[in-house]
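Report on the following structure.
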Amino acid sequence: MTDDNPTHNSTHRRGRFADWMQLLRIPTVFTVIAQLLGAFLLAAGGPKPIGGLVAIVLCGISLYWAGMIFNDLADFDEDLRERPSRPLPSGAIPAGSARAV
């Protein structure tokens with residue numbers, strides 16, 4: 001999506017991929033994957049069934065990301081005061097879009 005307003009900072013276009021990555025805290029997802037893999041390998045005694053392993057990891061990541069979005073929606077007023085550059089309070093990602101996701 002492009003911004004036709006020349007005075008608007010291009011680094012804050014609504015819904016930009018980097019804004020979503022910041023909202024979802026992408027660097028932290030690798031710890032979630034490691035924890036899920038470890039738990040699955042211990043519980044299943046190995047990486048089989050592979051379909052189950054993939055499903056568990058994908059579901060775990062989805063739940064984790066949903067939690068990140070819910071957290072930022074719940075902390076919206078606090079973030080307006082203390083972290084106004086975060087994607088939701090800055091308007092980079094509309095709250096309605098975050099709720100829909």
Side-chain angles (χ1 to χ4, degrees):
M1 180 178 198
T2 61
D3 190 346
D4 295 330
N5 182 352
T7 62
H8 186 75
N9 186 344
S10 64
T11 62
H12 287 96
R13 286 175 286 157
R14 292 186 176 268
R16 203 178 84 205
F17 184 73
D19 295 322
W20 281 100
M21 297 303 97
Q22 182 184 10
L23 179 65
L24 296 174
R25 296 163 180 85
I26 291 302
T28 61
V29 79
F30 299 106
T31 61
V32 174
I33 294 170
Q35 292 167 357
L36 291 167
L37 286 173
F40 186 90
L41 293 172
L42 285 173
K48 296 191 188 249
I50 194 70
L53 174 61
V54 171
I56 292 289
V57 170
L58 293 176
C59 289
I61 290 169
S62 297
L63 289 170
Y64 180 75
W65 284 344
M68 294 295 102
I69 293 172
F70 286 142
N71 178 69
D72 279 16
L73 287 167
D75 291 344
F76 186 83
D77 291 335
E78 180 182 335
D79 286 347
L80 274 174
R81 291 185 311 273
E82 298 179 15
R83 292 171 289 282
S85 63
R86 293 278 308 147
L88 294 179
S90 71
I93 297 174
S97 295
R99 281 188 202 92
V101 168

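Every side chain to side chain contact (heavy atoms under 4.5 Å, CB included) that Leu58 has, sequence neighbours left out, goes to Val54.
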Compile the donor-acceptor pairs under 3.5 Å between side chains in residues 24-36 and protein atoms, sequence neighbours left out, one pair per line.
| from | atom 1 | to | atom 2 | distance (Å) |
| --- | --- | --- | --- | --- |
| Arg25 | NH1 | Leu23 | O | 3.0 |
| Arg25 | NH2 | Asp72 | OD1 | 2.6 |
| Thr28 | OG1 | Arg25 | O | 2.6 |
| Thr28 | OG1 | Tyr64 | OH | 2.7 |
| Thr31 | OG1 | Thr28 | O | 2.7 |

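In the hydrophobic cluster analysis, where Ile, Leu, Val, Met, Phe, Trp and Tyr join through side-chain heavy atoms closer than 4.5 angstrom, Ile93 is grouped together with Phe17. Each of Leu37 and Leu42 belongs to its own hydrophobic cluster when Ile, Leu, Val, Met, Phe, Trp and Tyr are linked at side-chain heavy-atom distances under 4.5 angstrom. Cluster annotation: Phe76 and Val101 are assigned to the same hydrophobic cluster (Ile/Leu/Val/Met/Phe/Trp/Tyr, side-chain heavy-atom contacts under 4.5 Å, transitive).
Of all the heavy atoms in Arg83 and Pro89, the pair that sits closest is O-CG, 3.4 Å.
Counting only residues at least two apart or in different chains, salt bridge (charged side-chain N to carboxylate O under 4.0 Å, His left out) contacts with residues 91-101 are absent. Screening residues 44-69 for salt bridge (charged side-chain N to carboxylate O under 4.0 Å, His left out) gives no qualifying pairs among residues at least two apart or on separate chains.
Put simply, CG on Asp19 and CZ on Arg86 are 10.0 Å apart, with the number rounded to the nearest 0.5 Å.
A 6.0 Å sphere centred on CZ of Phe70 holds no more than 12 heavy atoms belonging to other residues, nucleotides or ligands.
Contact check for Leu88 versus Asp79: no side-chain heavy atoms found under the 4.5 Å cut-off.
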